[in-house]
Amino acid sequence: MKHLFILIFVLVTYFTGYAQLNSFENLDEVSKEGFFKKYMTNFVKGFTDFGDPFTLSGSVGLNLRSYDAFGGPLRQDPFFYTVNSNVNIRIYQIDIPFSMVLTARNTTSSFPSFSDLRESLRERINNKRNGFARVGFSPYYKWAKLHLGHRSMNFSKYTLSNLNFFGAGTELTPGKVRFSAMYGRLAQAEPIDLSLVTPNLPVYRRIGWGTKIGYGDDKASADIILFTAKDDETSVVVPGDYPKQVSPEANFALGVQLQKLFFENVRVKVDYTRSGVSPNVLDATANDGSITDFLLKKRNTSYYGNALEASAAFEGKTINAGLLINRVDNTFRTFGAYFFNRDIQDIQGFAGFGLLEGKLNTMVKAGVQRNNLDGSKPTTTTRLIYDIQTAWSHKDLNVQGNYSNNASNVGYVLNPQLDSLNAVVITQDLGINASYVLPLESEHVHTVTLTGNMQDVSDDIEKPDRTSVSKLYLINAGYNLKTISKWIFSARANYTRNEVESIRLNRLGLGIGIQKPLLNNKMMVGFNGNYFNNKNDAGNTSSNLSAIVNMTTQLFTGMSVQFSWGLLQTVSETIPTFTESTGNLGLQYNFQYAPGKNKKN
């Protein structure tokens with residue numbers, strides 16, 4: 001362990017020193033201009049430029065949605081309100097951004113009801129008082145930024161990675177120097193609720209802090225990152241006979257990021273993180289200490305892990321090529337990130353190049369992926385992973401194609417109120433997209449498009465064939481006509497086949513569209529119609545017919561209005577025919593105000 005930290009110190013010293021030498025390489029210029037004038041003046045440059053004493057800018061929006069159903073049950077709230085606001089207050093050079101989203105609903109009617117709106121707003125306010133509010137702002141001035149309230153910061157992928165916390169943080173970037181720090185609550189205590197039929201899982205209050213210090217520029221830089229978090233063992237009481245036992249945990253992560261440009265074309269990057277976790281801070285202290293005991297007291301149950309991302313790449317004018325390495329131990333954990341794959345190693349080569357005077361551009365990745373890095377599993381899975389993307393563009397023809405087979409591409413959606421994580425792994429994806437402008441002797445523009453996609457989705461890296469969630473096949477063809485009078489006509493046809501747990505659903509669809517700008521392009525009106533026929537393996541059939549009219553206009557400077565209204569009819573052999581109606585009205589106002597200038601936009 002000590003040798004590891006010595007190596008990190010040597011590497012950081014080398015890269016930082018090299019970056020500093022790059023800054024001081026013209027010693028004659030520094031001596032003539034003066035050290036203080038060249039470096040210290042730039043450090044505070046701009047802080048004497050106070051600017052306007054006060055400006056206010058941003059936007060305010062209101063969206064109203066009305067819904068009703070005929071012949072069937074309501075599948076949405078009859079009326080829904082959404083108010084959003086993004087405002088930036090600027091006092092001299094200090095920016096204070098603020099954003100807000102407020103929603104309310106009417107549960108009894110498809111028309112606005114002030115009584116329901118009042119009750120819904122009161123319910124929302126009570127929810128915010130009970131801890132669902134996430135309010136924060138990040139004022140900044142030049143290179144200094146302050147975070148207060150519910151905020152998120154990013155130090156690195158494997159230390160603190162955009163995790164929401166309640167507290168305070170700062171980011172300082174004066175020139176080549178970088179400094180970031182944060183302190184706050186990562187998780188709120190959730191005690192045992194005896195009123196529930198099913199016992200809940202208690203959660204300890206978790207407090208964390210971290211810092212990132214770096215120096216350098218695009219040619220050479222070095223950063224050291226420190227992050228630690230610990231549960232408050234006194235925040236929750238868990239009886240010994242409670243069916244869902246949890247223990248207070250603690251974690252630290254120490255990372256280093258290095259990057260250097262050699263010979264003006266070769267860039268080397270290293271992102272290394274060492275982490276430690278104590279699954280129970282009440283366990284006995286280990287006899288053998290650790291150099292990181294000041295961050296995480298080593299206990300008999302503590303375990304440690306490593307994460308590494310590194311690359312070496314050639315950056316040319318027409319070609320980029322290199323090698324990527326990503327390795328995460330099975331025992332690596334950090335409390336500062338929502339999700340990433342563990343027990344995985346990727347080694348990939350990549351190349352991106354342009355041919356035929358830039359008409360053909362291609363990006364290729366290929367490598368090997370394996371798991372069971374520590375040998376603790378009975379089997380080890382090794383697989384070839386690859387990704388190909390290519391595009392051809394010349395005159396009136398554009399074609400893009402892609403194919404990927406990569407189980408490490410994970411997308412996640414976090415629900416902050418439920419603290420739940422849903423992950424889906426897209427293992428294979430093949431797609432093509434082409435468009436062609438027909439070379440006709442006409443002032444009208446005729447365009448045809450073709451899109452195809454095949455997708456295989458799996459939630460298991462080791463056995464993707466056995467645990468496949470779904471397979472999707474999609475073909476879409478379209479035709480577009482734009483006349484000299486600015487009418488736009490479109491027609492389309494599509495076919496979709498979706499296989500979910502051996503159940504096949506086939507859908508055939510047809511659609512048309514019309515658009516026309518009016519009032520010197522200040523208003524756009526349009527119509528869209530679609531028909532879908534659905535059939536599954538059991539022989540059940542259904543159909544959907546939809547029609548939507550829409551309008552967008554600008555009432556005056558800064559004020560825009562969007563309106564749409566549509567009908568959806570569903571006909572099925574298993575349920576009665578029903579029709580749904582949905583209308584949307586959106587108002588958006590953008591403004592900018594500075595006293596004394598009498599300026600509004």
Inset, instruction - Enter the distance from Asn498:CG to Thr496:OG1 here, rounded to the nearest 0.5 Å. - result: 8.5 Å

Inset, instruction - Work out which heavy atom in Phe227 is nearest to a heavy atom in Thr159; give both atom names and the distance. - result: CD2-O, 4.1 Å

Legend entry - Residues that Asn433 engages under side chain to side chain donor-acceptor pair (under 3.5 Å), provided they are two or more places apart: Thr451

Inset, instruction - May I ask you to test the Ser180-Met153 pair for a side-chain heavy-atom distance under 4.5 Å? - result: yes

Inset, instruction - Return the minimal non-hydrogen interatomic distance between Ala69 and Leu74, and the atom names on each side. - result: N-CD2, 3.6 Å

For residues 560-569, dump all side-chain donor-acceptor pairs below 3.5 Å to protein atoms at least two apart in sequence or in another chain.
residue : atom : partner : partner atom : Å
Ser560  : OG   : Gln562  : NE2          : 3.3
Trp565  : NE1  : Ser581  : OG           : 3.0

Inset, instruction - Might you point out which heavy atoms bring Ser161 and Ser156 nearest each other, and give the distance in Å? - result: CB-O, 3.4 Å

Legend entry - Pairs meeting criterion side chain to side chain donor-acceptor pair (under 3.5 Å) with involvement of residues 55-64, two or more places apart: Ser59-Gln588

Inset, instruction - Could you tell me the separation between the CZ atom of Arg333 and the CG atom of Asn251, rounded to the nearest 0.5 Å? - result: 7.0 Å

Inset, instruction - Classify the angle between the aromatic ring planes of His444 and His446 as parallel (below 30°), tilted (30 to 60°) or perpendicular (above 60°). - result: perpendicular

Legend entry - Min side-chain heavy-atom separation Trp487-Lys482 under 4.5 Å: no

Inset, instruction - Check whether any side-chain heavy atom of Ile207 lies under 4.5 Å from a side-chain heavy atom of Asp232, and answer yes or no. - result: no

Legend entry - Residue list, ring pair (Phe, Tyr, Trp, His ring centres under 6.0 Å) with Tyr403, at least two apart or on another chain: Tyr386

Inset, instruction - Check the side chains of Asn164 and Ser152 for a donor-acceptor pair under 3.5 angstrom, ignoring hydrogens and angles. - result: no

Inset, instruction - Taking atom CZ of Arg342 as the centre, report whether more than 12 heavy atoms of other residues, nucleotides or ligands fall under 6.0 Å from it. - result: yes

Inset, instruction - Keeping the roles fixed (side chain from Thr173, backbone from Phe179), state whether a donor-acceptor pair exists under 3.5 Å. - result: no

Inset, instruction - Could you tell me the separation between the OG atom of Ser542 and the CZ atom of Phe532, rounded to the nearest 0.5 Å? - result: 11.5 Å

Inset, instruction - Could you tell me whether the side chains of Asn506 and Tyr495 share a donor-acceptor contact shorter than 3.5 Å? - result: yes

Legend entry - Of Asn534, Asn536, Asn533, the residue whose pairing with Arg507 passes side chain to side chain donor-acceptor pair (under 3.5 Å): Asn534

Inset, instruction - Take Val60 and Phe591, measure what side chain to side chain contact (heavy atoms under 4.5 Å, CB included) needs, and give me the verdict at the end. - result: CA-CA 9 Å; Val60 178; Phe591 59 90; 3.9 Å; yes

Inset, instruction - Hey, could you give me the OG1/CG distance between Thr483 and Leu481, rounded to the nearest 0.5 Å? - result: 6.5 Å

Inset, instruction - Might you work through the side chain to side chain contact (heavy atoms under 4.5 Å, CB included) test for Thr334 and Thr273, ending with a clear yes or no? - result: CA-CA 10 Å; Thr334 175; Thr273 304; over 6 Å; no

Inset, instruction - Kindly compute the distance separating CZ (Arg497) from CD1 (Ile475), expressed to the nearest 0.5 Å. - result: 11.0 Å

Legend entry - Ion pair Glu573/Lys535, N-O distance below 4.0 Å: no

Legend entry - Main-chain N/O of Gly583 paired with Ser66 side-chain donor or acceptor, under 3.5 Å: no

Legend entry - Tyr67 side-chain N/O to Arg75 backbone N/O, donor-acceptor pair under 3.5 Å: yes

Legend entry - Arg492: which of Asn528, Thr449, Asn476 passes side chain to side chain donor-acceptor pair (under 3.5 Å): Asn528

Legend entry - Exercise: do Lys212 and Gln257 side chains pair donor with acceptor under 3.5 Å: yes

Legend entry - Derivation and outcome, ring-ring contact (aromatic ring centres under 6.0 Å, His included), residues Phe79 and Tyr81: CA-CA 7 Å; Phe79 204 89; Tyr81 315 75; 4.9 Å; yes

Legend entry - Between Gln389 and Asn402, a side-chain donor and acceptor under 3.5 Å: no

Inset, instruction - Could you tell me whether Arg178 and Asp223 make a salt bridge, using a distance below 4.0 angstrom between a side-chain N and a carboxylate O? - result: yes

Inset, instruction - Check Asn530 against Gly511 and note the closest heavy-atom contact, atom names and distance. - result: OD1-CA, 3.7 Å

Inset, instruction - Run the numbers on Asn480 and Ile488 for side chain to side chain contact (heavy atoms under 4.5 Å, CB included), then give the verdict. - result: CA-CA 7 Å; Asn480 186 279; Ile488 301 174; 3.7 Å; yes

Legend entry - Backbone N/O of Asp77 and side chain of Arg65: donor-acceptor pair under 3.5 Å: yes

Legend entry - Minimum heavy-atom distance between Lys486 and Asn521, given as atom pair plus value: NZ-ND2, 3.3 Å

Legend entry - Donor-acceptor contact present, side-chain Asp456 to main-chain Lys471, <3.5 Å: no

Legend entry - Donor-acceptor side-chain pairing of Asn544 and Thr570 below 3.5 angstrom: yes

Inset, instruction - Could you tell me whether the side chain of Met524 reaches within less than 4.5 Å of the side chain of Lys516, counting heavy atoms only? - result: no

Legend entry - Heavy-atom neighbours of Tyr183 OH exceed 12 at 6.0 Å: no

Legend entry - Residues in ring pair (Phe, Tyr, Trp, His ring centres under 6.0 Å) contact with Phe527, at least two apart in sequence or another chain: none

Legend entry - Qualifying residues under ring pair (Phe, Tyr, Trp, His ring centres under 6.0 Å), relative to Phe155, sequence neighbours excluded: none

Inset, instruction - Carefully, step by step, assess Lys230 and Phe335 under the rule side chain to side chain contact (heavy atoms under 4.5 Å, CB included). - result: CA-CA 9 Å; Lys230 183 177 181 296; Phe335 293 174; over 6 Å; no

Legend entry - Pairwise distance CG(Leu186) to CG(Leu163) - rounded to 0.5 angstrom: 5.5 Å

Inset, instruction - Could you check if a side-chain atom of Trp209 sits within less than 4.5 angstrom of a side-chain atom of Phe165, using non-hydrogen atoms only? - result: no

Inset, instruction - Could you check if a side-chain atom of Lys157 sits within less than 4.5 angstrom of a side-chain atom of Glu309, using non-hydrogen atoms only? - result: yes

Inset, instruction - With the side chain counted from C-beta on, respond yes when Met559 and Gln554 share a heavy-atom pair under 4.5 Å apart, and no when they do not. - result: no

Legend entry - Sidechain-backbone polar pair: Ser404 side chain, Asp387 backbone, donor-acceptor under 3.5 Å: no

Inset, instruction - Locate the shortest heavy-atom distance separating Leu510 from Ala493; write the atom from each residue and the value. - result: CD2-CB, 3.7 Å

Legend entry - Min side-chain heavy-atom separation Phe489-Ile512 under 4.5 Å: no

